[in-house]
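First the structure, in the form of structure tokens, and then the observations on it.
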Protein chains: 2
Amino acid sequence: MPIERRPLREQIRDELLRRLDRGDFSAGTDINEAALAGELGVSRTPLREALITLAGEGVLESSQGRGFRFAPVSKREFRELCEIVAALESLALETSDPGYLRKIAPELLRLARDFPDPVAEQQIIERHDDEWHDLLLSGCQNERLLDLITSVKAGMRRYAHLIAGDDAPLEREAAEHCEVAELLMAGHLDKATEALRDNWVNGMERMMSRIPSA
Amino acid sequence: MPIERRPLREQIRDELLRRLDRGDFSAGTDINEAALAGELGVSRTPLREALITLAGEGVLESSQGRGFRFAPVSKREFRELCEIVAALESLALETSDPGYLRKIAPELLRLARDFPDPVAEQQIIERHDDEWHDLLLSGCQNERLLDLITSVKAGMRRYAHLIAGDDAPLEREAAEHCEVAELLMAGHLDKATEALRDNWVNGMERMMSRIPSA
DNA sequence: GTGTACTATTTTGTACACAGAATTCATAGT
DNA sequence: ACTATGAATTCTGTGTACAAAATAGTACAC
């Protein structure tokens, strides 16, 4: 088996994002580098490199002399992020090969239909959602765009745990995914793009009430 | 006067981008951290932090054990980047306050008209172009979007010096900027957005022939 | 009790040191 | 001449150390 040979900074970044998903960190409070480094069993150097990466993705804030902290959540920022991702995913879909999209549409539909049990682990649910979006964008040739979408979505992870434990939104989400898939299957790329955009707008509004109003 | 008190990593990043604009670096060749650090008069630590930031913005590539290098330019990547920025700036414009846009339209027109001498320094010309786009987007309330646009544009700087020394493209660019400004002045936000998108597409095509076909 | 100056402590930002991986170069074998 | 092997070297990735800035705490004046 190929043993793990990636820079520590990347592994640390991934671990921090995992902890973020679990809601381990309270937003706004400063990160103590020495303490966190000790907890992770690494030195401050690669930890700081990971923190700088995350700050570039908007997950963290930093200020001179005060180090890093998880950026506070806000309805406003969440709306901003949703607008951005909606535009980027729309672009990705528009510029994908229609033939390929049609080919994967059935699989998209299948994935959207058998969404996991609402009682399942939060992580499972998110992974399922990610899987759907990844497949949807798998036909996009624009590598940079895909990277950018991944990066922006990392910044949205701070909001992920807020939705935990409710199933009504999940079903709506699944229904909307079905609609996109069906439109793709019928070859209506423009309508599908529009439905995808609506999906993001609706998903945003579903979340809004859960975000503390700062 | 307020003395410069920013993290070294940011100052280094800016300096590297400046040198990139000047075409100091040849794409694809590895960066020697120790040598570059010595040249800049700093230690490797903040330099690496700057390199990691630039890698996150797509200016640099990195691979395990081989460090960083300036990513090679390619027609394909340039097209990808233009598509992205076009979509993002369009979004920014669409979500700006129309009243505000109308108010700044005359200034946009003025800026577009007195574009600098084609014989001027390359840096002057770019700054002028940036100024126009910054003003155009100054009404956008989506902070994250503005940051993202800045970041993606940083990745396009590798292409900036390729356009140096030709004036025909410059005039076309200016003419298109005028058109956007005039549409905004007339209150046709949607048409202006479309014109802006066209501007990016046209600008891309103007550049294409200058990019070595890898 | 409130505010201010000063000290002590914590913590970041930067420099430096070291181990190991990658590359280069030389040598030997075919 | 060309490939393969191995040593030497270079450079990155990570750990450690130190200095300066920020924060917290304390004493003191009012």
Side-chain angles (χ1 to χ4, degrees), chain A residues 1-20 24-72, chain B residues 1-20 24-72 151 158:
Chain A
M1 79 177 178
I3 57 175
E4 183 111 341
R5 283 200 36 64
R6 300 164 60 208
L8 262 186
R9 59 172 178 277
E10 291 182 14
Q11 301 181 44
I12 294 172
R13 170 182 175 276
D14 290 350
E15 174 61 22
L16 290 179
L17 283 178
R18 264 193 298 277
R19 296 190 178 198
L20 189 60
D24 281 11
F25 300 105
S26 52
T29 60
D30 289 353
I31 288 175
N32 185 323
E33 297 178 5
L36 186 54
E39 199 178 318
L40 294 169
V42 297
S43 81
R44 280 180 58 213
T45 308
L47 170 60
R48 276 178 63 84
E49 295 183 342
L51 295 178
I52 286 167
T53 304
L54 289 171
E57 296 174 327
V59 179
L60 299 174
E61 293 177 343
S62 75
S63 43
Q64 168 73 289
R66 293 191 38 190
F68 299 87
R69 75 202 71 87
F70 282 87
Chain B
M1 79 177 181
I3 57 175
E4 184 109 341
R5 286 201 33 65
R6 298 165 59 208
L8 262 185
R9 60 173 177 276
E10 290 182 16
Q11 301 181 46
I12 294 172
R13 169 181 175 277
D14 291 350
E15 175 60 24
L16 291 179
L17 283 177
R18 262 194 300 276
R19 296 191 178 199
L20 188 60
D24 281 11
F25 300 104
S26 52
T29 60
D30 288 354
I31 289 176
N32 184 323
E33 297 178 4
L36 186 53
E39 200 178 316
L40 294 169
V42 297
S43 82
R44 279 180 58 214
T45 307
L47 170 61
R48 276 178 62 84
E49 295 183 342
L51 295 177
I52 286 167
T53 303
L54 290 171
E57 295 174 329
V59 179
L60 300 175
E61 291 178 345
S62 74
S63 43
Q64 169 73 291
R66 294 190 37 189
F68 300 87
R69 74 202 72 86
F70 281 87
S151 169
R158 283 176 294 137

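The shown structure was predicted, so the numbers you read here are calculated from the model rather than taken from an experiment.
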Notebook entry, point to check: Is A:R13 paired with A:E10 through a side-chain N to carboxylate O contact shorter than 4.0 Å?
Noted result: no
Checklist line | Integer-rounded Å distance: C:dA22 P and B:E33 CD | finding: 15 Å
Notebook entry, point to check: Base, sugar-phosphate, or nothing for B:I31, non-hydrogen atoms under 4.0 angstrom?
Noted result: sugar-phosphate
Margin query: Rounded to whole Å, how long is the line connecting atom CG of B:L40 with atom P of C:dA15?
Written below: 11 Å
Next item on the list: Would you indicate what A:S62 reaches in the nucleic acid, counting non-hydrogen atoms under 4.0 angstrom: base, sugar-phosphate, or nothing?
Entry: nothing
Item checked: Side chain A:R44 and base C:dG13 donor-acceptor under 3.5 Å -> yes
Next item on the list: For A:Q11 and A:R6, indicate whether the former's side chain and the latter's backbone hold a donor-acceptor pair under 3.5 Å.
Entry: yes
Next item on the list: Between D:dT12, C:dC16, C:dG13, spot the one nearest the side chain of A:F68, thanks.
Entry: C:dG13
Notebook entry, point to check: Roughly, in whole Å, what's the span from CG in A:L36 to P in C:dT12?
Noted result: 10 Å
Checklist line | Integer-rounded Å distance: D:dG15 C1' and A:R9 CZ | finding: 15 Å
Checklist line | D:dG15 phosphate, OP1 or OP2, under 4.0 Å from A:S43 side-chain N/O | finding: yes
Notebook entry, point to check: Quick one: is B:R48 getting a side-chain N or O under 4.0 Å of the D:dG13 phosphate, OP1 or OP2?
Noted result: yes
Notebook entry, point to check: What is the distance from CZ of B:R6 to C1' of C:dT14, rounded to the nearest Å?
Noted result: 17 Å
Check: If you check the A:V42 side chain, which of D:dG15, D:dG13, C:dT14 turns out closest?
Finding: D:dG15
Note to self: Please tell me if A:R66 has a side-chain N or O lying less than 4.0 Å from either OP1 or OP2 of D:dT23.
What the structure shows: yes
Note to self: On DNA chain D, does the nearest nucleotide to A:Q64 precede the nearest nucleotide to A:G41 from the 5' side, or the other way round? Give the residue.
What the structure shows: A:G41
Note to self: Check whether A:R69 reaches the backbone of A:A27 with its side chain - one donor and one acceptor, N or O, closer than 3.5 Å.
What the structure shows: no
Check: How is A:N32 classified with respect to the nucleic acid when contacts are heavy atoms under 4.0 Å: base, sugar-phosphate, or nothing?
Finding: sugar-phosphate
Item checked: Side chain to side chain, A:F25 and A:I31, heavy atoms closer than 4.5 Å -> no
Next item on the list: Using the closest heavy atom to pick a nucleotide of DNA chain D for each, name whichever of A:D30 or A:L8 lands nearer the 5' end.
Entry: A:L8
Next item on the list: Take atom CD of B:E10 and atom P of C:dG13, then tell me their distance rounded to the nearest Å.
Entry: 10 Å
Next item on the list: Would you kindly give the CG-to-P distance between B:L47 and D:dC11, to the nearest whole Å?
Entry: 14 Å
Checklist line | Side-chain heavy atoms of B:F70 within contact of B:V59, under 4.5 Å | finding: yes
